[in-house]
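Predicted model only: the values in this text are computed from it and were never measured. The figures here come from the full heavy-atom set of this structure, side chains too, leaving out hydrogens, waters and symmetry mates. Counting convention: from 1, in listed order, for ligands and their atoms alike. Just so you know, residue 1 is the first one in the sequence shown, and it goes up from there.
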Amino acid sequence: MDPNGFALNRSHSLASGLEKSSPTWNKPPQSRSSSTVSSPHSRLIIKDWEIIDDLQVETSTAGENPLDMPTPGLCEGYLLKRRKWPLKGWHKRYFVLEAGILRYSKSQHDVSRGRVQGSLDISQAVMSINKKSNRIDLDAGDILYHMKAKNHELFYIWVTKLQAHRLYKKNEAVQVQSGFLQPLSFALDQNPTNGVAVNAQKPPSVNTAVNSKVSAWLQQSHAPETCAQELNRCHLDLSELNRLIQRLQALETSQVVSNGDLQRIISIQNISLEKPKRPRSAKMWGHSRTLSRVEVLGMLSSSHLSNSSHLGTSMPSIPDYVYSQLAPPTALSPESKKLQQDICTTSLRVLSSLKSVHETLCLERQKLQEVWTSSNLSQSNTLHVPSELTGCSSRGPPSVVDSVAEYFDASDDLHRSSSELTDESGLSDGSTTNSEPEEGHALATRKYRASISRAPNSVAPKSTGQRTKLPALCPDNSHVGLMAILYNNIGKDLARVSMPAALNEPVNLLQRLCEELEYSELLDTAANTPDPYHRMVYIAAFAISGYSTATFRNRYKPVNPVLGETYECIQEDRGFKLISEQVCHHPPISACHAESDNFCFWQDQRWKNKFWGKSLEIIPTGMVNVTLPKYGDHYEWNKVVTCIHNVFSQQRYLEHYGEVTIQNLSSRVCTCKITFVKSRYWGSETNKNEVQGTVLDESGSVIHRFGGLWHEGIFCDTLPTPKCVWKPSEPSAKDHLLYYGFSSFAMEMNELRPELEPFLPPSDSRLRPDQRMLEDGLVDEADRKKDEIEELQRLRRKELSKKGEEHVPRFFKKTKDQCGRDVWVTKGTYWDLRENPGFASLENVKLW
Ligand SMILES: CC(C)CCC[C@@H](C)[C@H]1CC[C@H]2[C@@H]3CC=C4C[C@@H](O)CC[C@]4(C)[C@H]3CC[C@]12C
């Protein structure tokens, strides 16, 4: 029996040892909090969150023979899990922790029936705990679990067990690395139907049923061959790339030498030689001090590091790397140009091959995991369910399971939250085979997706006569020590943290607000749709369209505007003009206002971020507003959470999740609900980016239904003629990935056209020198300039506070909306002042 009086079934010496000794989670932890930033070795605790580090795992691994490590005991019982959908509140879930894998089901009964809702390899996850609220969070990059225990005892047990299993699982990985796979493949060769089991150091819980399923799967699956073929193709393409690069280098060398420009060739060589150790690489946001690698290592747990073999620091993407090796695109000979294009095409081919290999492997992994999970569960059920759970629980010491059950029955508060959840999805539950609410969504999405792909292709955007490319390719930023930056600024507003310029894309947050109007034609269509329900479908499609930029934009972050910076955008073809301004610094708020004959659009945007160890959640606040004067409509909606998964790795991707409610503040006739579905599991491509929505009438009846994917399009099947209401436009530049993944709209945003320049106020983002340098590919210069501009901003702030004054935005003012929330709205003065007397004749603050 453990010190708390709980009999942990099958608990082994390792686990109980951990339980009795001073718990490792009392060690100086990594903190997830925000208030203090100090040297990497000091202890930081903010808001009671601690990241459990794994140093003890490493030490014990070093001292012990991993093969001697006993399997830690099974741990199972109810915990609260934060709802995935609709993301509010908690539900009671039955968790089973076995051999380093944490699985959960709706109930213990579901476990016995093999119905698993989710599963996670805890050795891959960053674990944070909050002792005060008994919370445990696990972030495995793709999957994020937020859990809560009933009381401190249970919390303690789970944390201890999770640690023991983590240690075990990591050791298992060590075994695999040191030759585990070889006997496996040998065994498979020898005995294809019973391959896994013949292994001497067999992994835990492997039974023959699993083995035969797995080996049958291995035999049936053609995916490995497909992957091998695809990788062969990559290999050929890479040799071709190598040849092209060598030719290009030879060509350039001769050109350069004949031009007498020896310096350039030397610097090209230097870039390739010195690439891994750029001097500014470890610069921290908001700090001038540079962290050494040792310091960073000391700060971070081994789990962070061991999982980051693909850290940003190690592998630039192929196109990035290739282009980082090329000279700036100054007067190239036609032959060089042709070579560059070939290099580019071939690298993109390699990229897409690798993507498809990745996709195939994900699917395979999913299949394997399903087999594994179902077999493991039935096994754990038959073998390990303690007797007290099978009907005679009144006798014997209480188990974890018992005590939790008791807790849920007793606690009012939690009882409410769990019963609330019996119908968590609003869909029928229990009797159907859909174990997760998203299952229903997924089915519908598959149908919508098929309809969207049958819809005519989106037309390439019409030429606006503006530039279609940026002056320079995006720089490789894989050397930037993002991990040190994020860990040093945990809990801080990232929009206030100064980051190395190489992390930035050459558009800023004011411009990104404008980018949300890329599909403004949806508002024009809405403004010409008399039926209010039908109109709402277009407004919804517009609200979704703003998220589509995320598809290709996860490698760089927008530049942070300085206080008082402005941006104007006149879109003649689209018929609107927009003005945005950075109105507040603490917290950073960007406000914008756009108008056209058909609509007005405004919003003020601020966001909070939460860092979970491998993922970064961006939680926006502030509402989006659209008015359609023709019908007197005023629509207002919230934004969903954006999560940057695998933030340190090349597998970084963005996900949006949550619910949007669109209300028409001028009429109660209809409302709209849109759900951005959280992707389910295993990082599979197939269930990513789902969106579903309904337009409801006053009584709550569904009038229209629509859905699809935010990166592929939205289909509405309840319109008189069902149709695809929105499809993102094709990227206009074939090699747009080499230009930060910008769409043609984004490419134009920072263009400084000569005819525009005389009209711009000096605070316009287009005139901001560091952003311009970045756009021109002068990253180091941009970095220096950025520091200067930020210093100037600090000086201005100090002066204001000395005078006891507050910054007053020039073109926006703060008011309250109908619900009493602070909102920033236009003063309506910008365009008038621009016209008369013109900004050149006005007094302007010098921002840079
Ligand atoms: C440097 C690298 C690793 C970090 C990349 C961070 C990028 C992907 C982050 C930083 C700021 C983020 C944006 C901040 C605010 C919003 C508004 C929200 O309504 C939609 C998402 C959107 C537009 C975010 C998209 C993702 C974003 C661009």
Side-chain angles (χ1 to χ4, degrees), residues 141 281 283-285 308 310-313 316-317 320 474-487 489 492-518 542-561 580 587-592 603-611 614-624 637-660 674 676 689 691 710-711 740-743 746 749 774 779:
S281 66
K283 184 186 155 191
M284 294 183 294
W285 299 342
S308 46
H310 38 246
L311 273 185
T313 43
S317 73
D320 284 358
C474 52
D476 167 29
N477 66 6
S478 57
H479 59 281
V480 178
L482 195 58
M483 195 185 272
I485 295 173
L486 287 186
Y487 274 85
N489 290 285
K492 273 200 189 167
D493 248 326
L494 291 189
R496 287 187 71 211
V497 176
S498 162
M499 292 199 236
L503 279 184
N504 285 339
E505 54 183 21
V507 301
N508 69 10
L509 283 165
L510 300 174
Q511 291 164 321
R512 286 213 60 161
L513 285 179
C514 177
E515 213 178 337
E516 290 189 21
L517 281 167
E518 176 162 2
F542 172 77
I544 297 165
S545 72
Y547 287 98
S548 64
T549 53
T551 321
F552 303 111
R553 305 269 285 280
N554 59 32
R555 290 177 305 152
Y556 301 86
K557 59 164 282 295
V559 172
N560 295 341
S580 50
I589 303 176
S590 320
C592 74
Q603 66 169 319
D604 51 296
Q605 194 173 82
R606 73 201 84 167
W607 36 277
K608 289 190 202 135
N609 41 271
K610 282 193 189 163
F611 177 47
K614 282 189 173 183
S615 329
L616 188 66
E617 277 185 329
I618 293 180
I619 302 137
T621 57
M623 305 295 265
V624 186
W637 65 90
N638 60 299
K639 295 199 143 189
V640 294
V641 171
T642 298
C643 183
I644 309 167
H645 288 282
N646 299 318
V647 63
F648 302 125
S649 111
Q650 294 291 310
Q651 270 103 49
R652 188 186 300 145
Y653 66 95
L654 300 186
E655 186 186 12
H656 310 296
Y657 43 79
E659 203 164 88
V660 172
I674 312 171
F676 285 72
N689 306 348
V691 193
W710 53 254
H711 70 299
Y740 302 89
F742 280 3
S743 65
M749 283 196 307
L774 182 67
V779 183

Problem - Step-by-step side chain to side chain contact (heavy atoms under 4.5 Å, CB included) determination, F611 to V647 - result: CA-CA 10 Å; F611 177 47; V647 63; 4.2 Å; yes
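Neither the backbone nor the side chain of L616 has a heavy atom within less than 4.0 Å of ligand 1. Only backbone heavy atoms of Y556 (N, CA, C or O) come within less than 4.0 Å of ligand 1; its side chain stays farther off. When heavy-atom distances to ligand 1 are checked against a 4.0 Å cut-off, T549 has no atom that comes that close, whether in backbone or side chain. For P558, every heavy-atom contact with ligand 1 shorter than 4.0 Å involves the side chain, none the backbone. Residue R652 touches ligand 1 through its side chain alone, judged by heavy-atom distances below 4.0 Å. Residue contacts with ligand 1, taken as heavy atom pairs separated by less than 4.0 Å, do not involve H656 at all.
No donor-acceptor pair under 3.5 Å is formed between the side chain of E516 and the backbone N or O of L513. N477 places no side-chain N or O within donor-acceptor distance of the main-chain N or O of Y556, the cut-off being under 3.5 Å. In this structure, N689 contributes its side chain and W710 its backbone to no donor-acceptor pair below 3.5 Å. With hydrogens and angles ignored, the 3.5 Å screen pairs no side-chain donor or acceptor of N489 with any backbone N or O of S498.
Within ligand 1, counting atoms from 1 as listed, the ones closer than 4.0 Å to a heavy atom of L503 are 1 (C). The contact set between ligand 1 and L482, taken as ligand atoms under 4.0 Å from a residue heavy atom, comprises 3 (C). When each atom of ligand 1 is checked for a heavy atom of Q605 under 4.0 Å away, the hits are 17 (C), 19 (O). Listed by number with element, the atoms of ligand 1 under 4.0 Å from a non-hydrogen atom of T642 are 20 (C), 21 (C).
The aromatic rings of F676 and H656 sit perpendicular, their planes meeting at an angle over 60°, well past the 30° parallel limit.
The distance from the CE atom of M749 to the CG atom of N508 is 8.0 Å, given to the nearest 0.5 Å. Distance CZ/R606 to OG1/T621: 4.5 Å, rounded to 0.5 Å.
Across the listed options I618, L654, I644, I618 owns the non-hydrogen atom lying nearest to atom 12 (C) of ligand 1. Atom 23 (C) of ligand 1 has its nearest heavy-atom neighbour, among R512, E505, R555, R553, in R512.
Where the criterion is an N or O separation shorter than 3.5 Å, residue side chain and backbone included, K639 meets it with respect to ligand 1.
The shortest heavy-atom contact between P558 and N504 is O-OD1, 3.8 Å.
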